[in-house]
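A short worksheet on the structure shown next.
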Amino acid sequence: MKYDHNAIEAKWQQHWKENKTFEAKNPGSEGADKPKYYVLDMFPYPSGAGLHVGHPLGYIASDIYARYKRHRGFNVLHPMGYDSFGLPAEQYAIQTGQHPAITTETNIKRYREQLDKIGFSFDWSREVRTSDPDYYKWTQWIFTRLFNSWYNNDTDKAEDIETLIRKFENSGNAGVHAVCDSDTGTFTAAQWQAFTDDEKQKILLKYRLTYLAETEVNWCPALGTVLANDEIVNGVSERGGYPVIRKKMTQWSMRITAYAQRLLEGLDRVDWPQPLKDAQTNWIGRSEGAEVRFKVKGSDHEIPVFTTRPDTIFGVSFMTLAPEHELVPEITTPGQKEAVEAYIEATARRSERDRMSDVKTISGVFTGAYAEHPFTKEPVPVWIGDYVLAGYGTGAVMAVPCGDQRDYDFARHFNIPIPNIFENTDISEAAHSEKNGTVIANSGFLSGLPYEEATQKAIAQLEAIGAGKGRINYRLRDAVFSRQRYWGEPFPVYYINGLPQMIAAEHLPVRLPEVEKYLPTETGEPPLGNAGTWAWDTEKNKVVSNDLIDHKTIFPLELNTMPGWAGSSWYFNRYMDARNENVFASRDALDYWKDVDLYIGGSEHATGHLLYSRFWQKFLFDKGLLPVDEFARKLINQGMILGMSAFVYRVKGSNTFVSKNRIEDRETEPIHADVTFINASDELDIEAFKNWRPEFRDAEFILEDGKYIVGREVEKMSKSKYNVVNPDDICEQYGADTLRMYEMFLGPLDQAKPWNTAGITGVHGFLKKLWKLYHSPLEGGQGGDFYVSDESASKESLKTLHKTIKKVIEDIENFSFNTSVSSFMIAVNELTAQQCNSREVLEPLAIIISPYAPHIAEELWQKLGHKESVAFAPFPEFEEKHLVESSKEYPVSFNGKMRFKLELPLDMPKEEMEDAVMAHEKTQEQLQGRTPKKIIIVPGKIINIVG
RNA sequence: GCCUCGGUGGCGGAAUUGGUAGACGCGCCGGAUUCAAAAUCCGGUUCUUUCGGGAGUGUGGGUUCGAUUCCCACCCGAGGUACCA
C-alpha cells in the first residue's frame, strides 16, 4: 500500500474534530485530575494575505511540545484565537466601504482552513476573538477596574480608589504615597471636603491607573491617530511608515509607570530569552541619581532637574531646559523673549524624525534668567535647547560640561565656561564621563572623594539643605491608550461636564456602533463621531440616539477606541475559561491553569504586547483577580523563516535574459522571478516564466548547458519579492506531516533561516521510508500489505529504538526539534537496514514520532490494532540496558590529531590499553622512533599520545 | 555609539561537562532498475595532495595532553535601541 498522505491526513483531521480529541479539561470534568500544562502561541492578526510557510513555524513547535506533554500524562491547554481588531481591515473599509467585521470574518475563515490543514492539536472550543463583544466586554471591564484603582507606594500595589478617597477625607494628600501626575498639588482634609464633586473628580484622575489627561502624544496624520512609543520605529509609524509629529491632546493613558520597578524585578523570575529581557530592561530604563532644585534668581520659581551624577554638581556652569518646559515663558527676560519664542516655534515644527536624524546640529537660546547654585550660590545661566527632552526626568538638566559630552558640545558651541572638577584629568578635547577611578576636585566638601562616596555625600548634603533628594528615574512613559480609529474596542465611558464616567459592569459590553464612513468627521473627531446612535442613557442603561442627549440623564459617549494591545493584554487568561458569561474566567479555572507554561512567539513584541501584558497581569493580581503576577513562565522566540528569492538577469535595454553564469561583462538588471518557476537545481521553467507576464511573452534567453540558471538571494518572505511559499500547496503535494517535520528540520527554532522548497523531498522520502517499515516489501518499491510481526526484536533494533527515545526526549525538552528529525531519519535508516518488523520496536516508534508527524502516526497506530488515538499513548520509557556496550572503537590521537582507530574492551585496565596502543604498528609509524612524552587515556573516550 | 545574538563544506545545519569536526538532509558525481521517465535502491562528495600524507570551524593571540567549545583583542553579519541627563 502506498503512503497516501492526502487521504490519511484528511481522515485524521476529521477524526480529531468529531471526537473533540484535543479539548482540554477544566476542573470538575473528567481528566482534570491530571497535572496541567499550558502551551500558548501568540495569536495572529488575520491578515488578508493568509499564511505563508514562515507563520506556522512557532505553532508547529508548540504543537509538538503540547502533543509530547499529552503523551507524558498532562492535561494540556493548547488554544488558538485571533487578535482581530486592527488597522488593515479598517484601511480596507475606508477604501471599499466594506465593514471591517466582514473582512475580518473572511480572513479568519481562510486562516482557519490553512491552520486545520497542518494538523494542529488546538482546542478550538476555546477560540477567542478580540473583536467579539463577548470577549471585549471583559476588556472593557478591566478598563473600568483600572479606572477605579490607584497605586499605593506604601503597600506597593494597586488599591481601590475608595481607599484613596478615605485618606483624602481624613488627612488630605500630604501623607499619601501614590503614583500620580507630577503637577498634583497638595491639599488638606478640610480643603478636600470643600471641593466640588467635579474638582474631586479632576484630582482623582491624577491618581487613577487609567486616566484622561492632556499629554504630548505622537500624532500620525496619515493614519489619523495617535500612536504609542512602541508603535513608532525610527520616528515613523510601524504600520505604513508614515511621519509622526508631537502634539498635545487629551487622551486616555495607562499608568504603567507605577509598575516600572515591579516589571523590572519580575524579569528575574521568568525563563525568557536574555535579549528579550534586555530589551524590556532598556525600555524601562531605570537610572539612579538625584533630583536637585535650583532657585531662579529674582523669582519664586524653582527648577527641578534629574541627574545621575550629583557628585559633579560643582561642575555646573549652566542649565538647559527643554523648549517645551512649562517654566520657560515664566522666566524668560524681556530682552530674550523674541529669540526664545522663535526657537520654541522652530523646534515645535520639526518632526520627531528630523530631530532624531539630526543629532549633530547644536542649537539653543539663552533665556536671560539665572538660577542659583545650591551650594556655591553662584549664578547659573539658564538656556533652552532641544537636546533636552521634555518627556524625560524633569525636562531640565544641570549641565556639567566637563563630565557630559552633550553639555560639553553645547558649552563649546556657545562659549560657556567649562570648569574642570576632576583630579588629573584632561578635558581640553572631550568631556570625561568615566565614573570608575574618577576623583572629584575643586568641589568644596566633595573634593578628593571618589565617585561613589562623592555621590552619596552630595545627596546627603542636598537633603540637609533641602535642595534635593535621591531619586530613581525611569525612561518608561505612561502609555497612550486612545486611538482615533473605528475598528477597536469602544470605551465604556460617557461624559458629564467633560468628566469621564464609567458604565457599570452589568451593562457591558458597550457595542461598537454602526457608522456610515470610517474616516474622521468633518470637525476632526474620530470615526465614532459619525455614529448617530452613540449616547448613554443613564436611566435605561443603554446606548441611544445622539438626538436625545440632554446632559441630564443622557450623555455623549467616548469617541476614541482602544489600541490594538488592549485585547491582547489578557487573552491568555480568557482561554482558561473562554465561554464563561459571568466572569472573565472562573476562580476554579484560574487556580487550576494559573499561568502559561510555554509561550512561543516573535521577539518583535518585546516592548509592546509582552510589557503591557505583564502590567495588566500584575494589576489584576493586585486586585486579587488572578493567582500569579507573571503570566508566562517560559517564553521562546521563534526565528523568522526567510524567502529564497530568485533572480533572472535582463540585458539592459533589451528583452533578452542571460543565464547567471553567462552574464560575463554584459550590463544586466536583476528581476525577481516567481520561485514557483524554479526547480531544485536553480533552473528556470522558461515557459512558465514567459506566460507569467505579457512583457516576457517574447523574451529571449541565453542559456548555459541548455538551461537557464537563476541567481538566488535570501530576503524577507513577501509578496512583492515573489518568494512566498504557501503552506496549502506544500500540504497538498507532500502532506502536513512533511511540512511539520521540514519546518523543524530547517534549523534551530530561535534562529532566522531561509526556506528552500527543494530540500523538502528529503523529509518526504523519510516519511515514505517510515511507512514502508510497517509494510511487507513489494517490487516497485511501494511497499505491500501492512505487516508487523509479534516476534521479539533484535538487539540492534532495540538499541536503535532506545537510542532514539533518549535523544528525542532530550531534544524536545531542550526545544531542539531539528536534531530530533535527524534522529528519526537515522533510526528509520538503521531499522530498514536491519529489516526490523517487530511490534516491540515499531509500536513505540509510532508514539515517539507522533508529536512531529501526527497523521501518519495515528494511521500506523490504528493499523497496529489500537482503537484509541495515539495522542494519549504513554511515551515509551528509555531503558539504558539496551545501550550498554562491551567494547569501544577508540580514536587514537597524536598531539591532539586523530590518526587511527583501535577497538578495545571497555573494561580493559589503563595499563593494558597503553600496551595495546604502543604495540600497534600505526603507533610506531606515527612516532617514527620517538619516545612519547606522555600518554593520555580517558577510558570510554579517547587515547592521546604526546611527543 | 550602546545592548543582544550569530559567523562551521556548494546549501540548511550537527557535534553531551573541552575528547573522532562536517551527523542528518539538499544539491552534485557515478552506478543499478527501466524502451524511456517517474519512483526506488547502491556507492562517492571539506579542501589539498607527489595518494605517504598535509591543512581546516571569521582573523590574530592565549590556556590545555587536546579548543567549533574556555579567555583576550579584532573583523564581518543580523536584530533591538539611540541626544535618557
Side-chain angles (χ1 to χ4, degrees), chain A residues 2 233-234 273-279 281-283 285 287 289 305-309 320 355-356 358-360 362 385-389 391-400 403-407 409-410 433 473-476 603-604 606-607 637 639-640 644 680-682 712 714 742 745-748 750-763 765-766 768-769 772 779-783 807 810 814 816 818-826 829 889-901 925 932-938 940-947:
Chain A
K2 200 173 156 246
V233 179
N234 295 327
Q274 197 56 43
L276 198 157
K277 286 189 185 186
D278 290 342
T281 304
N282 293 336
W283 190 262
S287 47
V305 301
F306 173 73
T307 177
T308 53
R309 297 294 302 276
T320 315
R355 250 175 110 153
M356 278 170 57
D358 179 26
V359 179
K360 291 281 166 284
I362 296 162
D386 69 359
Y387 80 98
V388 177
L389 305 176
Y392 184 76
T394 62
V397 300
M398 56 174 226
V400 182
D404 182 288
Q405 194 58 43
R406 292 155 307 178
D407 296 344
D409 294 341
F410 195 87
S433 54
N473 197 54
Y474 298 92
R475 197 187 78 118
L476 184 70
S603 56
E604 68 273 20
T607 52
N637 289 131
M640 209 190 317
M644 257 294 207
S681 310
D682 292 342
R712 308 226 68 167
V714 175
Y742 186 55
F745 189 61
L746 284 177
D750 54 353
Q751 276 171 34
K753 56 237 156 195
W755 175 273
N756 189 350
T757 304
I760 204 166
T761 54
V763 172
F766 155 74
K768 283 197 223 167
K769 253 170 131 174
K772 278 197 283 182
E779 69 285 4
Q782 293 289 6
K807 178 81 174 123
E810 281 170 7
N814 290 318
S816 174
N818 53 326
T819 48
S820 292
V821 180
S822 302
S823 305
F824 287 130
M825 289 175 171
I826 294 167
N829 287 346
E889 194 179 32
Y890 280 94
V892 181
S893 301
F894 291 80
N895 299 318
K897 286 269 172 211
M898 204 279 288
R899 296 302 172 195
F900 67 92
K901 288 175 190 170
E925 211 172 279
K933 288 198 192 97
K934 205 169 174 184
I935 298 171
I936 313 277
I937 293 175
V938 185
K941 294 260 182 187
I942 50 105
I943 297 164
N944 190 17
I945 298 167
V946 187

5' to 3', nucleotides 41-51 of chain B under a 4.0 Å protein heavy-atom cut-off (B base, S sugar-phosphate only, - none) gives S----------
With sugar-phosphate taken as primed atoms, P, OP1 and OP2 and all else as base, the protein-contact string of nucleotides 15-20 of chain B at under 4.0 Å (heavy atoms; B, S, -) is --B-BB
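Closest contact between the side chain of A:Ile826 and the listed nucleotides B:rA23, B:rC26, B:rC84 involves B:rA23. Comparing B:rA14, B:rG12, B:rC83 by their closest approach to the side chain of A:Asn818 singles out B:rA14. Nearest nucleotide to the side chain of A:Tyr392, out of B:rC83, B:rC84, B:rG25: B:rC84. In this structure, of B:rG13, B:rC26, B:rU81, it is B:rG13 that holds the atom nearest to the side chain of A:Pro748. Closest contact between the side chain of A:Arg899 and the listed nucleotides B:rC24, B:rA55, B:rC26 involves B:rA55. Distance from the side chain of A:Pro275 is smallest for B:rU4 among the nucleotides B:rA85, B:rA23, B:rU4.
The P atoms of B:rG44 and B:rC24 are separated by 11 Å, rounded to the nearest whole Å. B:rG13 and B:rU64 have their P atoms separated by 35 Å, given to the nearest Å. Annotation: B:rA38 and B:rA21 have their C1' atoms spaced 38 Å apart (nearest Å). The same atom, C1', is picked in B:rU50 and in B:rU45; the two are 23 Å apart, to the nearest Å. The gap from the C1' atom of B:rG53 to that of B:rG62 amounts to 29 Å, rounded to the nearest Å. B:rU57 sits 9 Å from B:rG22 when the C1' atoms are compared, rounded to a whole Å. With C1' as the reference atom, B:rA23 and B:rG77 are 26 Å apart, rounded to whole Å. When the C1' atom is compared between B:rC70 and B:rG19, the two are found 14 Å apart, to the nearest whole Å.
Nucleotide B:rA39: unpaired (no Watson-Crick or G-U wobble partner with both distances less than 3.5 Å). As the counterpart of B:rC24, B:rG12 is assigned, both hydrogen-bonding distances of the Watson-Crick or G-U wobble pattern falling under 3.5 Å. Both distances falling under 3.5 Å, in either a Watson-Crick or a G-U wobble arrangement, place B:rC5 opposite B:rG77. In this structure, B:rG18 makes no Watson-Crick or G-U wobble pair, since no nucleotide meets both defining distances under 3.5 angstrom.
Rounded to whole Å, atom P of B:rC84 lies 14 Å from atom CZ of A:Arg309. Distance CG (A:Leu389) to P (B:rC83): 6 Å, rounded to an integer number of Å. With rounding to whole Å, A:Ile760 atom CD1 is found 16 Å from B:rC24 atom C1'. Summarising the geometry, the separation between CG on A:Asn473 and C1' on B:rA85 is reported as 9 Å, rounded to the nearest angstrom.
Here B:rG54 is in the anti range [glycosidic angle more than 90° from 0]. The glycosidic torsion of B:rG52 lies within 90° of 0, which places this base in the syn conformation.
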Check the interface with nucleotides 28-30 of chain B: list each N/O to N/O pair with the protein under 3.5 Å, or write none.
residue, atom, partner, partner atom, Å
B:rC28, OP1, A:Ser681, OG, 2.6

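Contact annotation for A:Ser287: backbone-only contact, meaning every heavy-atom pair under 4.0 Å involves sugar-phosphate atoms and none involves a base. Nucleic acid contact class of A:Thr761 (heavy atoms, under 4.0 Å, all strands): sugar-phosphate only. Among the heavy atoms of the strands lying under 4.0 Å from A:Asn829 are primed sugar atoms or P, OP1, OP2 only; no base atom is included.
Closest heavy-atom contact between A:Ser893 and A:Asn944: O-OD1, 3.2 Å. In terms of heavy atoms, A:Val305 sits closest to A:Ala396 at CB-O, 3.6 Å. Pairing each heavy atom of A:Tyr392 with each of A:Tyr474, the nearest pair is CE1-O, 4.0 Å. When all heavy atoms are compared, the tightest approach of A:Ser822 to A:Phe745 is OG-CE1, 3.7 Å. A:Met644 approaches A:Val714 most closely through the heavy-atom pair SD-CG2, 4.1 Å. Closest non-hydrogen pair, A:Thr320 versus A:Ala399, comes out as OG1-CB, 4.4 Å.
With rounding to the nearest 0.5 angstrom, the OG atom of A:Ser433 is 9.5 Å from the CZ atom of A:Arg406.
The side chain of A:Lys753 places no N or O atom within less than 4.0 Å of a non-bridging phosphate oxygen (OP1 or OP2) of B:rG13.
Looking at which nucleotide of RNA chain B each of A:Gly765 and A:Ala279 is closest to, the 5′-most match is held by A:Gly765. Toward the 5′ end of RNA chain B lies the nearest nucleotide of A:Val946, the other residue of the pair A:Val946 and A:Thr607 mapping further downstream.
Note: A:Tyr387 and A:Phe410 have tilted aromatic rings, judged against thresholds of 30 and 60 degrees for the angle between ring planes.
A donor and an acceptor atom, one from each side chain of A:Asp278 and A:Gln274, are located under 3.5 Å apart. Inspection of the A:Lys769 and A:Asn829 side chains reveals an N or O donor paired with an N or O acceptor under 3.5 Å.
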